[in-house]
Colleague: 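The structure is given below, and queries will be raised subsequently.
Here the structure is a predicted model, which is why all the values come from computation and not from measurement. Per chain, numbering begins at 1; letters A, B, ... match sequence-line order.
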Amino acid sequence: MRIATWNVNSLRSRIDRVEAFLERHDIDVLAVQETKAREDQLPLMGLHARGYDIAAAGYNQWNGVAIISRVGIEDVTVGFPDMPEFDGASEARAIGALCGGVRIWSLYVPNGRKIDDPHYAYKLDWLGKLRTAAAEWTDQPVALVGDWNIAPTDEDVFDMAQFATSTHVTPPERAAFQAFLDSGYAEVTRPHTPGPDVYTYWDYYRQRFERNRGLRIDFALCSPPLASRVTGAFIDTDERDPAQGTGSPSDHAPVIVDLSD
DNA sequence: ATGGTCGCTTTGCGA
């Protein structure tokens, strides 16, 4: 089975690229973030025509997560136990489903904005609550995939000096990420895509992609029963290339993981 | 310190 995660930055404006990506790489399950589409706005036709079903949740102006699968979508869960919300807004940033016998979670970790912003505390709270919930799932095949909005190591940042006072690299955020590994989850993409200079996100401006000045913030964390099935992983940087495909690209590249049966 | 570029519930805001 081949699964993938991709922050698409609007499913509607990117649907042609998404469908081409599914076909090009023969994807079985795609976890999507930043869909920016309500249930009634989901572009379903091309996906259904290609044999995919979709489960989506949590739209506001910036968010929205979904799971696109051609190996079934069962037992869909929106959010996880005790998931905190921000400012009373409906911010379902997590959707889980059983796809081909694997529980896949599409995660859009809160950005955090600025260190002194309440959104930063919310991010750490959110991650802590997810970790508590996820620690109960380690005996099952579980994948926690998505946009983690954390660069776990200095190598995951094109220029640490530029992030001296920024979120995504602070010790509490990195500790929150490490806590998942301490719970038994394995980040399965890095061993197959070693750095340096390997990223999954590049800002739109200042030609950051063309100069490969990016961040590695999209990951796939697998529980022990699933991690042992991983046979490979890669980052499809072509999907971030404005010179390739139709229309403007997302600012994130998809991350693909292969699993044995 | 600032600005650059995307998307959208667009003339502001979050990323």
Colleague: Find the distance A:Asn111:CG to B:dG7:C1' and express it as a whole number of Å.
Modeller: 15 Å
Colleague: Whole angstrom is fine here: how far is it from NE2 in A:His119 over to C1' in B:dC13?
Modeller: 13 Å
Colleague: Could you say whether A:Tyr205 or A:Ser13 is positioned toward the 5' end of DNA chain B, judged by the nucleotide with the nearest heavy atom to each?
Modeller: A:Tyr205
Colleague: Between B:dC8 atom C1' and A:Arg14 atom CZ, what is the distance in whole Å?
Modeller: 12 Å
Colleague: Specify the residue among A:Thr35 and A:Asn149 whose closest nucleotide of DNA chain B lies further upstream toward the 5′ end.
Modeller: A:Thr35
Colleague: Let me know the distance between OH of A:Tyr201 and C1' of B:dC6, rounded to the nearest Å.
Modeller: 10 Å
Colleague: Considering only atom C1', compute the distance from B:dC13 to B:dT9 and round it to an integer number of Å.
Modeller: 11 Å
Colleague: Just checking A:Gln207: base, sugar-phosphate only, or nothing, at a heavy-atom cut-off of under 4.0 Å?
Modeller: nothing
Colleague: Between B:dC8 atom C1' and A:Arg12 atom CZ, what is the distance in whole Å?
Modeller: 8 Å
Colleague: Whole angstrom is fine here: how far is it from CG in A:Leu215 over to P in B:dA15?
Modeller: 15 Å
Colleague: Roughly how far apart, to the nearest Å, are B:dT10 and B:dG14 at atom C1'?
Modeller: 12 Å
Colleague: Could you list the residues that satisfy side chain to side chain contact (heavy atoms under 4.5 Å, CB included) with A:Ser10, not counting sequence neighbours?
Modeller: A:Arg12, A:Ser13, A:Lys36
Colleague: How far does the P atom of B:dA1 sit from the matching atom of B:dT5, given to the nearest Å?
Modeller: 22 Å
Colleague: Whole angstroms only, please: what is the CZ-P distance between A:Phe209 and B:dA15?
Modeller: 23 Å
Colleague: Given salt bridge (charged side-chain N to carboxylate O under 4.0 Å, His left out), test A:Glu239 with A:Arg24 step by step and report yes or no.
Modeller: CA-CA 11 Å; A:Glu239 280 295 349; A:Arg24 184 153 54 94; 2.7 Å; yes
Colleague: With a 6.0 Å cut-off on ring centres, are A:Trp148 and A:Phe180 close enough?
Modeller: yes
Colleague: Has A:Ser248 got a side-chain N or O lying under 4.0 Å from the OP1 or OP2 atom of B:dT5?
Modeller: no
Colleague: Rounding to an integer number of Å, can you tell me how far A:Gln33 CD sits from B:dA15 P?
Modeller: 14 Å
Colleague: Is the A:Phe80 to A:Trp126 ring centre distance short of 6.0 Å?
Modeller: yes
Colleague: Looking at residues at least two apart in the chain, or sitting in another chain, which of them share a side-chain hydrogen bond (donor to acceptor under 3.5 Å, both in side chains) with A:Asp82?
Modeller: none
Colleague: Is the phosphate of B:dC6 approached by A:Arg208 (side-chain N or O, under 4.0 Å from OP1 or OP2)?
Modeller: no
